[in-house]
Amino acid sequence: EAKKLTEYMLVQVFEQSKAYNQGMIQELQNMQFEYAQADPAHKDALASIILHRAADYNESRLPSDLRGFIDKLKRERTN
C-alpha cells in the first residue's frame with residue numbers, strides 16, 4: 001500500500017514538473033514572439049520582463065533557440 005502511494009506521488013511530481021517546464025517554455029516562446037513584433041519603444045520593457053521571468057529557471061531546460069534569445073537579451077543589457 002505504501003509502495004503504491006510512493007509510486008503515485010513520484011508520478012504526480014514528475015507530471016507536475018513536466019507541466020511546469022512545458023508551461024514555462026511556452027510562456028517564454030510567447031514572450032519571444034511578442035518581442036519580435038514589438039516596436040523599439042516597447043522592446044526594452046519586454047526584455048526586462050522576459051529576463052525577470054527566466055531568471056529563476058534552469059536555462060539548460062530551454063530549447064537552444066530560446067536559450068540563445070535569452071542570452072542575446074542578457075548581452076544587450078550589459079552593453
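Between atom CD of residue Glu76 and atom CG of residue Asp71 there is a gap of 11.0 Å, rounded to the nearest 0.5 Å. In this structure, the separation between CD on Glu27 and CZ on Arg53 is 4.0 Å, given to the nearest 0.5 Å.
Distance alone, capped at 3.5 Å, places no donor-acceptor pair between the Ser17 side chain and the Val13 backbone.
Two residues are said to be in side-chain contact when any heavy atoms from C-beta on lie closer than 4.5 Å; Asp44 and Arg77 meet this criterion. For the pair Leu46/Met31, no side-chain contact is recorded, criterion being any heavy-atom separation below 4.5 Å from C-beta on. Within the 4.5 Å cutoff, side-chain heavy atoms of Glu59 are placed close to those of Lys74.
Classified by interplanar angle (parallel below 30°, tilted 30° to 60°, perpendicular above 60°), the ring pair Tyr57/Tyr20 is tilted.
The two atoms that bring Ile25 and Arg61 nearest to each other are CD1-O, 3.6 Å, heavy atoms only. When every heavy atom of Asp65 is checked against every heavy atom of Gln32, the shortest pair comes out as O-NE2, 4.3 Å. Residue Leu28 comes nearest to Ile50 through the heavy atom pair CD2-O, 4.2 Å, listed as atom of the first residue, atom of the second, then distance. Taking each heavy atom of Lys43 and Ala38 in turn, the nearest pair found is CE-O, 3.2 Å.
Residue Glu7 places its CD atom among more than 12 non-hydrogen atoms of other residues, nucleotides or ligands, all under 6.0 Å distant.
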key: Stepwise side-chain contact (heavy atoms from CB on, under 4.5 Å) check, Tyr35 with Leu73   = CA-CA 11 Å; Tyr35 182 88; Leu73 292 182; 3.6 Å; yes
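In this model, no donor atom of one side chain and acceptor atom of the other lie less than 3.5 Å apart for Arg67 and Ser60.
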